[in-house]
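Worksheet: the structure to be examined is printed underneath.
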Amino acid sequence: MQESEPLKSTNFIHEIIEKDLQSGKYQGRVHTRFPPEPNGYLHIGHAKSICLNFGTAAKYHGLCNLRFDDTNPIKEEQEYIDSIIQDVRWIGFDWDDRLYFASDYFDQMFDYAVQLIKSGKAYVCDLTPEEIRDYRGTLTKPGKESPYRNRSVEENLDLFQRMRAGEFPDGSRVLRAKIDMASPNLNLRDPVMYRILHAAHPRTGDKWRVYPMYDWAHGLEDSIERITHSICTLEFEDHRPLYDWYLDQLGIYHPQQIEFARLNLSYTVMSKRKFLELVKDGYVRGWDDPRMPTIAGLRRRGYAPESIRTFCDRIGVAKGDSTVDIALLEYCLREDLNKRSPRFMAVLRPLKVIIENYPEDKTEMLEAVNNPENPEAGTRIIPFSRIIYIERDDFMENPPKQFYRLAPGREVRLRYAYFITCREVVKDANGQIVELRCLYDPATRGGDAPDGRKVKATLHWVSAFHALNSEARLYEKLFLKENPNEVEEGTDWKSNINPNSLEILSSCKMEPALKGKNPGFICQFERLGYFCVDPDTTSEKMVFNRTVTLRDTWAKLQKQEK
RNA sequence: UGGGGAGUGGUCGAGUUGGCUAAGACGUCUGACUCUGGAUCAGAAGGUCGCGGGUUCGAAUCCUGCCUCCCCAGCCA
């Protein structure tokens with residue numbers, strides 16, 4: 001992102017930072033980090049954290065690292081590392097050469113653990129996982145001390161080295177911190193620091209047989225990188241005393257952790273586990289399905305990073321759980337796309353119109369504006385001929401008073417072309433409308449009547465002979481309920497999945513200028529919405545995703561009728 | 001039930017040294033304009049600041065009871 005684009009908004013985190021800046025707590029430094037675990041794809045919730053961390057650093061002329069928290073080789077994969085790097089960069093941030101991995105610090109963490117053992121603050125415990133759970137006690141009952149808690153330093157050192165050497169099977173022993181089994185904060189009841197995992201790590205291969213737990217590792221990572229403000233989500237609030245304890249026992253550099261509420265969005269879910277289920281069970285076509293709130297999904301859907309950043313800026317940062325209306329995301333999307341998108345005409349559900357008084361073999365080239373929001377975008381030329389397609393929704397045989405598009409006997413404008421009047425409705429044996437017979441007024445070429453007469457509506461259209469046949473994929477919300485997790489007894493969140501979230505229209509008629517546009521190309525189909533070219537496009541057939549509809553007051557009226 | 005957090009119009013969210021009619025945004029509803037029923041512009045409605053006491057000339061802001069919601073009992077992060 002361009003270096004400063006300063007966030008003008010303020011929040012409680014910035015207030016804390018400004019106080020620290022004034023008091024000189026970190027010698028005027030501001031150094032944050034975005035610390036994802038590479039066990040899945042990033043989503044819009046991560047974007048909030050990314051914008052907060054990178055944005056905060058930029059605002060105070062500090063630095064922000066990208067650091068992978070890769071402490072659990074069982075769940076983590078290189079594929080995720082690659083996708084996360086790509087996504088953070090795509091959102092618009094840069095970390096120079098500060099790409100770090102927790103696994104880079106494994107040796108140092110091990111040494112720190114040895115240091116704790118030597119000072120009698122950590123011990124090797126042979127309890128089984130079940131026993132550890134039992135000994136931990138409950139929310140209201142204090143735990144009991146492990147029988148292995150008072151092993152000698154020598155024995156602990158020996159055992160820990162042998163754990164590292166791979167002498168013991170998975171789950172047979174752990175290294176634990178010796179804190180307080182009666183603490184009301186469960187995190188302080190002798191937490192596990194290392195577990196034995198005979199698993200290959202994406203980056204360290206088979207070097208290690210013990211891997212650090214998040215709680216042990218995370219604070220150290222921040223300390224090692226000399227992070228000033230460790231921004232994380234609310235659920236880690238009562239882990240903070242544990243990080244503090246580790247850092248204090250070790251006597252090393254101490255960042256300040258600040259917690260904020262994670263993002264929730266209406267009409268969607270926001271957990272890697274649920275995304276995985278949606279993908280695995282085929283509710284969507286993959287992690288980058290345009291209905292997914294993953295960064296990859298939003299990108300394929302046609303979002304530009306600017307709109308995501310704006311969104312993250314506008315939602316604010318606070319400590320209370322909340323759910324942002326997805327309408328705000330769509331507002332930011334439209335605002336951004338309206339400014340940048342070239343316009344085209346495309347007919348999604350074609351209805352044939354024959355202009356009876358227009359010459360059979362004539363083709364005219366008419367000029368159209370590329371983007372009314374941006375004169376520099378210039379103009380283009382569109383072919384017009386006797387047979388055209390219009391949107392089926394733009395004609396009604398018996399229109400209600402609110403409807404002011406085409407109807408029998410009524411005159412409307414074809415955008416950038418002519419006024420036409422509907423003379424006759426042609427139906428098939430089943431009574432389905434198959435074709436409209438219209439008359440045009442040659443004097444209205446370009447779309448204006450010399451006599452000053454007005455029409456109520458302007459329709460988009462595509463010349464039948466010149467049309468590009470293509471596919472359009474229309475997306476609706478993935479969930480029917482504002483809060484998908486709110487369910488009837490006996491069902492789960494998946495019962496709220498919208499069965500009609502995808503509609504494929506395969507006989508769309510589009511303006512020929514669209515031919516050859518590459519995947520990722522974003523434009524507006526006039527009066528319909530913003531669309532982008534999908535990677536599924538082939539040389540045979542183009543495929544468009546509908547990113548979002550235009551605001552549509554007619555659709556709103558119709559909804560109210562129902 | 002132990003510990004840790006949070007409660008401001010439909011949704012986010014300012015406000016936090018107590019003091020003009022409690023910002024702003026999205027949403028909703030009007031109207032203007034319009035060769036996209038888009039965009040834009042103008043305007044409106046909507047709040048017992050979780051609840052009850054108290055302090056004060058004056059409280060969303062301070063004190064005090066209570067209520068509600070979220071998180072924690074992985075060798076996940």
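First the proteins, then the strands, lettered A, B, ... as listed; each starts at 1.
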5'-to-3' dot-bracket of RNA chain B (Watson-Crick, G-U; under 3.5 angstrom; crossing pairs as [ ]; | other strand): .(((((((.[[[..)...(....]]].(((((.......))))).....[[[[[..)....]]]]])))))).....
is_close_aromatic(A:Tyr246, A:Trp216), centroid dist under 6.0 Å: yes
Sub-6.0 Å ring centroid separation between A:Tyr440 and A:Tyr418: yes
Distance below 4.0 Å between A:Tyr331 side-chain N/O and B:C26 OP1 or OP2: yes
Audit row: A:His460, A:Phe525, ring pair (Phe, Tyr, Trp, His ring centres under 6.0 Å) steps and yes/no: CA-CA 9 Å; A:His460 60 277; A:Phe525 289 167; 9.0 Å; no
Lys NZ or Arg CZ of A:Arg164 over A:Phe110 ring: under 6.0 Å, within 45°: yes
Separation of atom CZ in A:Arg314 from atom C1' in B:A23, rounded to whole Å: 16 Å
Residue-phosphate contact under 4.0 Å: A:Ser322 side-chain N/O, B:G13 OP1/OP2: yes
No-H, no-angle donor-acceptor pair, A:Arg405 side chain to B:G37 base, under 3.5 Å: yes
A:Ala318 vs A:Thr444, nearer the 5' end of RNA chain B by closest nucleotide: A:Ala318
Contacting residues from residues 257-274 of chain A, given that a heavy atom lies under 4.0 angstrom of RNA chain B: none
Closest to the A:Asp325 side chain, choosing from B:G74, B:U36, B:G10: B:G10
Sugar-phosphate only, base, or nothing, as touched by A:Lys556 at under 4.0 Å among non-hydrogen atoms: sugar-phosphate
Whole-Å gap separating C1' (B:A39) and CH2 (A:Trp554): 21 Å
B:G4: syn or anti, per glycosidic angle within 90° of 0: anti
Ring centroid separation A:Phe403 to A:Trp554 under 6.0 Å: yes
Donor/acceptor link under 3.5 angstrom from A:Asp238 side chain onto base of B:G3: yes
Short side-chain N/O contact from A:Lys319 to OP1 or OP2 of B:G7, under 4.0 Å: no
Touch class at under 4.0 angstrom, heavy-atom based, for A:Arg413 against every strand present: base
Whether over 12 other heavy atoms sit under 6.0 Å from A:Arg262 CZ: no
Close residues, residues 388-396 of chain A, relative to RNA chain B [heavy-atom separation under 4.0 Å]: none
A:Arg173 side chain near B:C75 phosphate (N/O to OP1/OP2, under 4.0 Å): no
Cation-pi geometry met for A:Arg380 and A:Phe344 (6.0 Å, 45°): yes
Pair of N/O donor and acceptor under 3.5 Å linking B:U40 base with A:Glu373 side chain: no
Value in whole Å for how far the P atom of B:A77 lies from CD of A:Glu237: 20 Å
A:Arg334 vs B:U36: side-chain N/O to OP1/OP2 distance below 4.0 Å: no
Of A:Thr553 and A:Asp321, the one whose closest RNA chain B nucleotide lies more 5': A:Thr553
Separation of atom CH2 in A:Trp216 from atom P in B:C75, rounded to whole Å: 17 Å
Near-ring test A:Tyr211/A:Tyr194, centroid separation under 6.0 angstrom: no
Contact under 4.0 Å: A:Arg136 side-chain N or O vs B:G74 OP1/OP2: yes
